[in-house]
Protein chains: 2
Amino acid sequence: MATGRTHRTATRSRGIPEATVARLPLYLRALTALSERSVPTVSSEELATAAGVNSAKLRKDFSYLGSYGTRGVGYDVEYLVYQISRELGLTQDWPVVIVGIGNLGAALAGYGGFASRGFRVAGLIDADRAMTGKQVAGLTVRHTDELEPLIKESGVSIGVIATPAGAAQAVCNRLVEAGVTSILNFAPTVLNVPDGVDVRKVDLSIELQILAFHEQRKAGEEAELRDAEAAAAAAAAQSGAVERGTAGTAGTAAGTAAGNAAAAKKRTGQGPDGDVPAVMPA
Amino acid sequence: MATGRTHRTATRSRGIPEATVARLPLYLRALTALSERSVPTVSSEELATAAGVNSAKLRKDFSYLGSYGTRGVGYDVEYLVYQISRELGLTQDWPVVIVGIGNLGAALAGYGGFASRGFRVAGLIDADRAMTGKQVAGLTVRHTDELEPLIKESGVSIGVIATPAGAAQAVCNRLVEAGVTSILNFAPTVLNVPDGVDVRKVDLSIELQILAFHEQRKAGEEAELRDAEAAAAAAAAQSGAVERGTAGTAGTAAGTAAGNAAAAKKRTGQGPDGDVPAVMPA
DNA sequence: ACATGTGAAACCTTTCACAGCT
DNA sequence: AGCTGTGAAAGGTTTCACATGT
């Protein structure tokens, strides 16, 4: 998660839980789609499905924003779009600078989801002089030397780092020095920033490793399933209790009660909650 | 589904918390760096700093894996690298297919962090016939028609979706149908998958929106800071208690205890304390 | 009749603090 | 003396279930 967490302690009234904040963009996207289809109102159940969460969670989330729904009816789509946008700060313009225009930086520069959400790419920066002057996604790439003036002229407060890992901290320092207070880091490295600066990181390799962990476990579970079924069958035959110690010398197998066989399949997709996304350039 | 009962089964020996799993790749990266510098052992404190977490959390995380440290000494770097790799399933080869070879897909295909972690790009797929046959990152792009044979021949169980949002669900369905059970989704859309399939998503726009939220709040805090200072001054002058109700009709201001004024300036690093530039809207 | 809004319970994660081993 | 490993406390998040309002 973010390196420099700003700690809120006192006043509770405006304290929207972090987990809720992380889901607001999800709701906003779903609502925008409804809005485009001119759907006037939506229930928590419908919206939750569209956003990929459950309805209790959605209602709880919205309750932190205020009472924007109507009992017996649902939520007014347009009104909610506005309220969430405002809460997220998307009703204002956010100039963003992207540093490191390799494959990934170029992809980010051309990403359509930015402009539609109030983000504006104010400039592209690369350290390679061979890149400077080139046009990428309709913008001219500028040299790192121009980083500070660009930030100050355009009032940039959000920076995106898409450089190789080795350059990231130096770039980060310059961004912060120049006044940037929020950083989205695609380089696979930990950034040190002073308090008051927010860092979010996106790391592809980490995401894949998490998937690999679950994938491995699934493979292991198939074996367990067979074990559990066998054990259950044996238990049924004998009317005896099924008991097992911890699996011997590690490996992939783990002791699992037979009753878990059903629960084992529960692992549904869509596990956004914890955040921690990821990526990085060559 | 049916099982409405809250049947929490006892045996949980191998249940590593999700939050811990999400951090293992972080530790692994830090450890790999130490390993390359031939550092033999490391303390929880040092490793935690390198990974950007605190040491208590790290120790707790490791405690779920087993007792791999030595009291009074620390952890053996090589041994830990191996144990974590094994736990994450990185000691085996994971063939991956990338679907959608646009800017982003190309960036992913060229990502160096793959091979070093046991991931191997088994194939690149794109729906655009103009793309097929082209070389990207040393691999030949193949047409969507070849998706299923590719998955089956190469034993792919992890798929990466980097297509436009509109195509993502269809691609996802085909991946799942062909046997893929883990998906990393870069398309800004919710994917519906059957139970047993894992989806993780990486959404650039969402990350930026979360940053914007905090950025906005920071801007609001400056105002609060001034308020708090004024309030503190007033309190000092009067020796009276500072008390405030919730700010009247919402808006951006919220009541904040005066005691926060100091904390808000805390900045650790060597950053210049100066500005914290307000975002000026165009 | 129906869907929101919310206390309370259940669950999960982080932090504390110190016993226990080297 | 130093550092791990871990119960217990604290804090945060999700789910439940129903009172409340339309």
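Just so it is clear: chains get the letters A, B, ... in the order the sequence lines come, proteins before strands, and each one is counted from 1.
The shortest side-chain heavy-atom distance between Y75(B) and L34(B) does not fall under the 4.5 Å cut-off. Taking 4.5 Å as the limit, some side-chain heavy atom of K218(B) sits within range of a side-chain heavy atom of S182(A). Residues D198(B) and R217(A) have side chains not in contact (no heavy-atom distance under 4.5 Å, counting atoms from C-beta outward). Between I210(B) and E18(A) the shortest side-chain heavy-atom distance falls below 4.5 Å.
Side-chain proximity of A19(B) to dT4(C), dT6(D), dT13(C): nearest is dT13(C).
Atom OH in Y68(A) sits roughly 12 Å away from atom P in dT6(C) (whole-Å rounding). Look at CG on D61(A): it is 14 Å from C1' on dT4(C), rounded to the nearest Å. Distance, L80(B) CG to dC3(D) C1': 14 Å, rounded to whole Å. The separation between Y64(A) atom OH and dG7(C) atom C1' is 11 Å, rounded to whole Å. We find that CG of L58(A) is positioned 14 Å from P of dT6(C), with the value rounded to whole Å. A straight line from CG of N54(A) to P of dG5(C) spans 16 Å, rounded to a whole angstrom. As a whole-Å value, the separation of L65(B) CG from dG5(D) C1' is 13 Å. Per the geometry, NZ belonging to K57(A) stands 12 Å off P belonging to dC12(C), to the nearest Å.
No engagement by F62(A) is indicated, since no non-hydrogen atom pair under 4.0 Å with the nucleic acid exists.
Of the possible donor and acceptor atoms, none in the side chain of S35(A) sits under 3.5 Å from a partner among the backbone N and O of L31(A).
The side-chain contact (heavy atoms from CB on, under 4.5 Å) test with V176(B) singles out one residue from I183(B), T181(B), L191(B), and that residue is I183(B).
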task: Dump the intermediate steps for side-chain contact (heavy atoms from CB on, under 4.5 Å) on L204(A) and V160(B), then the final yes or no.
output: CA-CA 10 Å; L204(A) 167 67; V160(B) 176; 5.5 Å; no

message: For nucleotides 16-22 of chain C, give me one character per nucleotide, 5' to 3': B if any protein heavy atom sits under 4.0 Å from the base, S if the only such contacts are to the sugar-phosphate, - if neither.
response: -B-BBBS

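Y68(B) and Y79(B) have their aromatic ring centers within a separation under 6.0 angstrom.
Near DNA chain D, meaning a heavy atom under 4.0 Å from it, residues 38-49 of chain B has S43(B), S44(B) in order of number.
For T189(A), there are no side-chain hydrogen bond (donor to acceptor under 3.5 Å, both in side chains) partners, not counting sequence neighbours.
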